[in-house]
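So you know, we letter chains A, B, ... as the sequences are listed, proteins then strands, and number each from 1.
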Protein chains: 2
Amino acid sequence: MELNPKKTAVIFKAFCDENRIKILQLLLDGEKCACRLLEAMNITQPTLSHHMKTLLDSGIVNGRKEGKWMYYSISAEGVEYARQCFNALTAVSGTNENQSCCKK
Amino acid sequence: MELNPKKTAVIFKAFCDENRIKILQLLLDGEKCACRLLEAMNITQPTLSHHMKTLLDSGIVNGRKEGKWMYYSISAEGVEYARQCFNALTAVSGTNENQSCCKK
DNA sequence: AAAACATATTGACAAACCTCTATATGTGGT
DNA sequence: ACCACATATAGAGGTTTGTCAATATGTTTT
């Protein structure tokens, strides 16, 4: 998998903030309304909205509007894509280990 | 797996910057000396040093000093721990999908 | 039409982050 | 001891990020 560094950085921003991690944990047992997330977190409504935008941009979270309410859930497709990026960045080949410096 | 939000955020910082992602890509085929990384990247030596510190802090990368040289490699243990964090944050239960808002 | 409610946007501020230059530290060779 | 080299640290400047209060947008109910 050839991967776009800029795009990959955006994806993993989802996991780089304490509050977003808590939000993801809240979404583990299924879709939740923004108001539910808000009452479970210790942040203001605009701050939640800001984090949800970051999570949507990462592709890890899906949003669905229904009337007044906004429902958020973890995106299986987004997670799968992020997993592939993760693998592409961490799957060491096993060959060429312990190289010595060229200038030795 | 119960996970520490603050610690998890630090781990995934490794993947949140374009240059760090390029560094990880360079490490995919095995351990490399800092001077090798430096010549492959378009940044100054102190900037590389800064990113390497972030990568070490994340646990994704291992450092090994040998004489004047510093060798970096992807840490299998760090990657495995990160993978567990990723799974803990994205493994949806499948139950309780499409909840409706309490205030409907 | 107006009021009530849920969410998003704007603007401001502080903290964190990325980058650089300059300098310090530590190691090896002469 | 000195110099050359590899890397780290300090400090500064600019950008991004996280947070909030205030306000705007859009929806439902009365």
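Counting to the nearest Å, the P atom of C/dT7 and the CD atom of A/E39 are 10 Å from each other. The separation between B/L37 atom CG and D/dA6 atom P is 14 Å, rounded to whole Å. Regarding B/M41, its CE atom lies at a distance of 15 Å from the P atom of D/dT7, rounded to whole Å. The CZ atom of A/R36 sits 17 Å away from the C1' atom of C/dT7 (whole-angstrom rounding). Rounded to whole Å, the distance from CG on B/D57 to P on C/dC17 is 10 Å. Whole-Å rounding puts the A/K6 NZ to D/dT16 C1' distance at 14 Å. Between the CD1 atom of B/I43 and the C1' atom of C/dC17 there is a distance of 14 Å, rounded to whole Å.
Using modelled atom types, one side-chain atom of B/T90 and one backbone atom of B/F86 make a donor-acceptor pair closer than 3.5 Å. For the pair A/S49 (side chain) and A/P46 (backbone), a donor-acceptor distance under 3.5 Å is absent.
A heavy-atom distance below 4.0 Å to DNA chain D is reached by these residues of residues 14-25 of chain A, ordered by number: A/D17, A/N19, A/R20.
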Check: protein-nucleotides 8-11 of chain D nitrogen or oxygen pairs below 3.5 Å:
residue: D/dA8; atom: OP1; partner: B/Y72; partner atom: OH; Å: 3.2
residue: D/dA8; atom: OP2; partner: B/S49; partner atom: OG; Å: 3.0
residue: D/dA8; atom: N7; partner: B/Q45; partner atom: OE1; Å: 3.4
residue: D/dA8; atom: N7; partner: B/Q45; partner atom: NE2; Å: 2.8
residue: D/dA8; atom: N6; partner: B/Q45; partner atom: OE1; Å: 3.0

Atom pairs, N/O to N/O, protein against nucleotides 24-30 of chain D, distance under 3.5 Å?
none

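Distance CD/B/Q45 to OG1/B/T47: 8.5 Å, rounded to 0.5 Å. Put simply, NZ on B/K6 and OG1 on B/T8 are 12.0 Å apart, with the number rounded to the nearest 0.5 Å.
Dashed line: the shortest gap from a side-chain N or O of B/K13 to OP1 or OP2 of C/dC17 is under 4.0 Å. The shortest distance between the side-chain N/O atoms of A/H51 and the OP1/OP2 oxygens of D/dT19 is below 4.0 Å. The phosphate of C/dC20 has OP1 or OP2 within less than 4.0 Å of a side-chain N or O from B/T44.
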query = So A/N62 and A/E31, side chain to side chain contact (heavy atoms under 4.5 Å, CB included) or not? Walk me through it.
reply = CA-CA 9 Å; A/N62 270 332; A/E31 184 182 67; over 6 Å; no
task = Kindly indicate, with the supporting measurements, whether the criterion side chain to side chain contact (heavy atoms under 4.5 Å, CB included) is fulfilled by A/S73 and A/V61.
result = CA-CA 6 Å; A/S73 57; A/V61 167; over 6 Å; no
request  = Could you go through the side chain to side chain contact (heavy atoms under 4.5 Å, CB included) check for B/L3 and B/Q84 one step at a time?
outcome  = CA-CA 9 Å; B/L3 109 188; B/Q84 283 172 27; over 6 Å; no
message = What verdict does the side chain to side chain contact (heavy atoms under 4.5 Å, CB included) test give for A/I23 and A/L48, after you've listed the backbone C-alpha separation in whole Å, the side-chain angles of each residue and the deciding distance to 0.1 Å?
response = CA-CA 9 Å; A/I23 292 166; A/L48 176 65; 3.8 Å; yes
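Under the side-chain contact (heavy atoms from CB on, under 4.5 Å) criterion, B/E2 pairs with no residue at all, not counting sequence neighbours. Take A/K7 and apply the salt bridge (Lys or Arg N to Asp or Glu O under 4.0 Å) test, not counting sequence neighbours, and it matches no residue.
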Between side-chain atoms of residues 15-22 of chain B and protein atoms elsewhere (two or more places apart, or another chain), which donor-acceptor pairs fall under 3.5 Å?
residue: B/D17; atom: OD2; partner: B/N19; partner atom: N; Å: 2.9
residue: B/D17; atom: OD2; partner: B/R20; partner atom: N; Å: 3.2
residue: B/R20; atom: NE; partner: B/K13; partner atom: O; Å: 3.1
residue: B/R20; atom: NH1; partner: B/H51; partner atom: ND1; Å: 3.1
residue: B/R20; atom: NH2; partner: B/K13; partner atom: O; Å: 3.0

